[in-house]
Amino acid sequence: MLMQIFIGSILIIITIIVEVFFIEVAIKNLTRFGPKIAGNSNAKGFAVVLIATTLWLVAALTVATWVWSIAFISLGAFTSLEESLYFSMVAFTTLGFGDITLPKNLRLLSGFIAANGLVLFGLNTAFLIEVMSRFRGGDK
């Protein structure tokens with residue numbers, strides 16, 4: 001049990017670091033190129049900024065899902081990459097179909113990956129709201 005808590009905590013820390021790195025890169029690029037692309041009240045430019053930022057954040061979530069998937073494979077929870085990725089995506093998004101589950105000795109990690117997904121989706125939502133507010137609200 002303690003090992004699962006340790007592993008889950010480490011994986012959450014790793015994925016948060018990855019997410020913050022992606023957000024940091026987004027901030028640097030938005031600061032540099034955002035005003036040029038969005039312009040003054042340019043709806044198309046704003047849409048481009050919002051689409052690019054959203055896709056970038058989805059890429060970060062994809063990396064986080066892969067981190068969990070690789071961990072599950074390494075721990076012997078799944079025998080195939082497809083099964084591991086499927087479980088990681090379903091658990092990370094808290095969809096939780098239940099058709100594929102972790103072995104009993106690793107099942108606490110299910111809660112960790114679900115909590116991780118909630119935290120990262122919340123972080124992404126907050127960041128997207130900030131981007132929208134700065135580019136729409138004129139707080140450049």
Side-chain angles (χ1 to χ4, degrees):
M1 180 176 85
L2 290 177
M3 184 56 79
Q4 290 179 74
I5 292 170
F6 176 74
I7 291 168
S9 299
I10 293 298
L11 290 170
I12 287 174
I13 290 167
I14 290 168
T15 58
I16 288 174
I17 290 169
V18 167
E19 191 73 28
V20 169
F21 170 77
F22 270 75
I23 288 173
E24 210 34 57
V25 169
I27 289 170
K28 287 180 183 174
N29 284 306
L30 287 169
T31 302
R32 185 172 179 193
F33 301 112
K36 295 172 189 169
I37 295 169
N40 284 336
S41 302
N42 180 350
K44 287 181 184 177
F46 174 72
V48 168
V49 166
L50 192 56
I51 289 167
T53 304
T54 302
L55 291 174
W56 183 248
L57 294 176
V58 168
L61 292 173
T62 302
V63 171
T65 305
W66 273 91
V67 166
W68 279 94
S69 180
I70 291 166
F72 288 138
I73 291 280
S74 299
L75 292 167
F78 301 108
T79 55
S80 75
L81 181 60
E82 187 276 334
E83 191 177 37
S84 182
L85 272 171
Y86 172 79
F87 176 82
S88 296
M89 288 171 44
V90 168
F92 196 79
T93 58
T94 68
L95 186 59
F97 284 134
D99 54 340
I100 296 177
T101 58
L102 289 173
K104 188 175 182 177
N105 66 325
L106 295 173
R107 67 181 172 188
L108 283 179
L109 292 176
S110 297
F112 278 92
I113 190 171
N116 192 194
L118 285 170
V119 168
L120 294 186
F121 278 107
L123 185 58
N124 282 352
T125 301
F127 184 68
L128 283 172
I129 289 171
E130 180 65 19
V131 169
M132 288 173 54
S133 129
R134 287 187 184 242
F135 283 92
R136 273 297 202 215
D139 184 22
K140 297 179 184 174

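Quick note: residue numbers are just sequence positions, from 1.
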What donor-acceptor contacts under 3.5 angstrom involve side-chain atoms of residues 50-65, with partners at least two apart or in another chain?
{"unit_1": "Thr53", "atom_1": "OG1", "unit_2": "Val49", "atom_2": "O", "d": "2.7"}
{"unit_1": "Thr54", "atom_1": "OG1", "unit_2": "Leu50", "atom_2": "O", "d": "2.8"}
{"unit_1": "Trp56", "atom_1": "NE1", "unit_2": "Phe22", "atom_2": "O", "d": "2.7"}
{"unit_1": "Thr62", "atom_1": "OG1", "unit_2": "Val58", "atom_2": "O", "d": "2.8"}
{"unit_1": "Thr65", "atom_1": "OG1", "unit_2": "Leu61", "atom_2": "O", "d": "2.9"}

With a cutoff of under 4.5 Å between side-chain heavy atoms, which Ile, Leu, Val, Met, Phe, Trp and Tyr residues group with Ile13? Ile17

Would a hydrophobic clustering, with Ile, Leu, Val, Met, Phe, Trp and Tyr connected at side-chain separations under 4.5 Å, put Ile7 with Phe92? yes

With sequence neighbours excluded, what pairs up with Thr93 under the side-chain contact (heavy atoms from CB on, under 4.5 Å) test? Leu95, Phe121

Under a 4.5 Å side-chain heavy-atom rule over Ile, Leu, Val, Met, Phe, Trp and Tyr, are Ile5 and Trp68 clustered together? yes

Report the residue from Val67, Leu106, Leu102 that forms a side-chain contact (heavy atoms from CB on, under 4.5 Å) with Phe72. Leu102

Are any of the side-chain heavy atoms of Thr101 and Ser110 separated by less than 4.5 Å? no

Residues in side-chain contact (heavy atoms from CB on, under 4.5 Å) contact with Thr31, at least two apart in sequence or another chain: Ile27

Going only through I, L, V, M, F, W and Y residues with side-chain contacts under 4.5 Å, is there a path from Tyr86 to Phe112? yes

Can you list every side chain to side chain donor-acceptor pair (under 3.5 Å) pair that touches residues 2-26, not counting sequence neighbours? Thr15-Asn116, Glu19-Asn124

With side chains defined as the heavy atoms from C-beta onward, is the minimum distance between Val119 and Ile12 less than 4.5 Å? no

For Ser80, give me all partners under side-chain contact (heavy atoms from CB on, under 4.5 Å), at least two apart in sequence or on another chain. Glu82, Glu83

